[in-house]
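What follows is a set of notes on a single structure, which appears directly below.
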Protein chains: 2
Amino acid sequence: MLSKKTKYGIKALAYIARKKDRNPVQASEISESENISQKFLESIMLELRKSGFLGSKKGKGGGYYLIKEPQEIKMTAVIRVLEGPIAMVPCVSLNYYEKCDDCPDENTCSVHKLMIQVRDASLNVLGENTLEDIAITQ
Amino acid sequence: MLSKKTKYGIKALAYIARKKDRNPVQASEISESENISQKFLESIMLELRKSGFLGSKKGKGGGYYLIKEPQEIKMTAVIRVLEGPIAMVPCVSLNYYEKCDDCPDENTCSVHKLMIQVRDASLNVLGENTLEDIAITQ
DNA sequence: TATAATCCTATCGGTTTACTAGGTTTTAAG
DNA sequence: CTTAAAACCTAGTAAACCGATAGGATTATA
């Protein structure tokens with residue numbers, strides 16, 4: 001299950017991407033428009049800034065803006081930063097690999113083989129979708 | 001992320017499916033062979049029995065056995081029973097649908113559209129794999 | 001100087017997870 | 001008939017995680 005953090009983060013990025021002008025967007029505006037708790041959203045925006053998706057401007061008239069173009073931001077990258085691994089089991093994760101405690105041999109593990117297929121299917125979808133793709137209205 | 005419960009449950013089913021004879025298999029045997037806490041496994045086996053995947057025989061020489069043939073058990077069914085929804089967001093779940101609190105309109109929600117694609121990709125993999133497919137050794 | 005915004009740290013109640021404990025009941029074998 | 005082995009059942013629990021909230025500190029603009 002996707003956490004609310006990730007869900008809100010994606011919505012916020014999409015909201016910013018949808019704006020034609022590239023002026024900074026306030027968290028308060030997004031929070032209102034997308035029905036997200038403002039304080040919670042603030043922490044998410046901070047994380048998106050620290051991980052290089054957003055830039056920010058403090059003070060009056062400040063806000064957040066995209067650092068890269070929407071079509072350059074793959075959804076895999078966004079989800080990995082906010083949610084963590086895309087794989088359903090650490091032992092098939094490309095970016096967050098961890099060995100299982102049980103399981104002496106991954107190559108003969110039935111779960112392992114299945115989850116590699118699921119991972120690849122998900123990676124395929126998330127890698128082909130950019131922020132531009134999902135930000136489209138209608 | 002897949003819970004240990006689901007992971008162990010799949011491993012147990014695969015273990016039973018791998019046996020040629022159809023004699024009941026004890027939880028203790030699976031627990032030892034697959035490195036799963038026995039008591040925890042017991043509760044999982046119980047759930048798999050109550051949901052119609054396994055039959056059981058009490059007393060000495062008892063154990064668990066498959067009710068259907070391995071090739072008739074889709075992994076979608078197993079995961080839905082043990083883990084719950086396959087979708088990453090309730091609002092795109094086929095079997096566990098729930099509306100989002102935020103989100104006035106699903107049709108214009110960027111997360112929604114993306115997660116439908118991910119769901120379909122996962123369903124595709126999990127629906128095409130049966131217990132027989134994943135139980136194969138080597 | 002006032003205001004509006006981000007930034008930061010801490011906390012907290014609730015839920016879920018992965019077990020563990022301690023039995024009861026049923027069955028087969030001796 | 002007794003004993004052991006198995007499933008069955010209920011309860012509890014420590015730890016982690018989640019979704020937020022609180023309360024300010026900092027910075028920039030007008």
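Per chain, numbering begins at 1; letters A, B, ... match sequence-line order. This is a predicted model, so every value here is computed, not measured.
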Whichever of Gly59(A) and Gly62(B) has its nearest DNA chain D nucleotide further upstream toward 5':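 In this pair, the answer is Gly62(B).
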Residue whose closest nucleotide on DNA chain D lies nearer the 5' end, Tyr8(A) versus Lys57(B):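 Residue closer to the 5' terminus by nearest nucleotide: Lys57(B).
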Give a yes or no on whether a salt bridge exists between [X] and [Y], defined as a side-chain N under 4.0 angstrom from a carboxylate O.
X	Y	answer
Asp133(A)	Lys113(B)	no
Lys4(B)	Asp102(A)	no
Lys74(A)	Glu128(A)	no

Establish, with yes or no, whether the OP1 or OP2 oxygen of [N] is under 4.0 angstrom from a side-chain nitrogen or oxygen of [X].
X	N	result
Lys50(B)	dC8(D)	no
Ser37(B)	dT20(C)	yes
Lys60(A)	dA2(C)	no
Tyr64(A)	dC7(C)	yes
Arg49(B)	dC8(D)	yes
Ser56(B)	dC8(D)	yes

Nearest whole angstrom, please: distance from the [atom2] of [N] to the [atom1] of [X].
X	N	atom1	atom2	result
Lys58(B)	dA29(C)	NZ	C1'	18 Å
Lys39(B)	dT17(C)	NZ	P	21 Å
Ile30(A)	dA5(C)	CD1	C1'	13 Å
Glu47(B)	dT17(C)	CD	C1'	13 Å
Gln38(B)	dA6(D)	CD	C1'	10 Å
Asn23(A)	dT6(C)	CG	P	14 Å
Glu83(B)	dT16(C)	CD	P	13 Å
Leu41(A)	dA5(C)	CG	C1'	13 Å

Flag for Glu29(A)-Tyr15(A): side-chain donor and acceptor within less than 3.5 Å: yes
Over 12 foreign heavy atoms within 6.0 Å of CD, Glu32(A):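 No, not enclosed.
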Sugar-phosphate, base or nothing in reach of Lys4(B), heavy atoms under 4.0 Å: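 Sugar-phosphate only.
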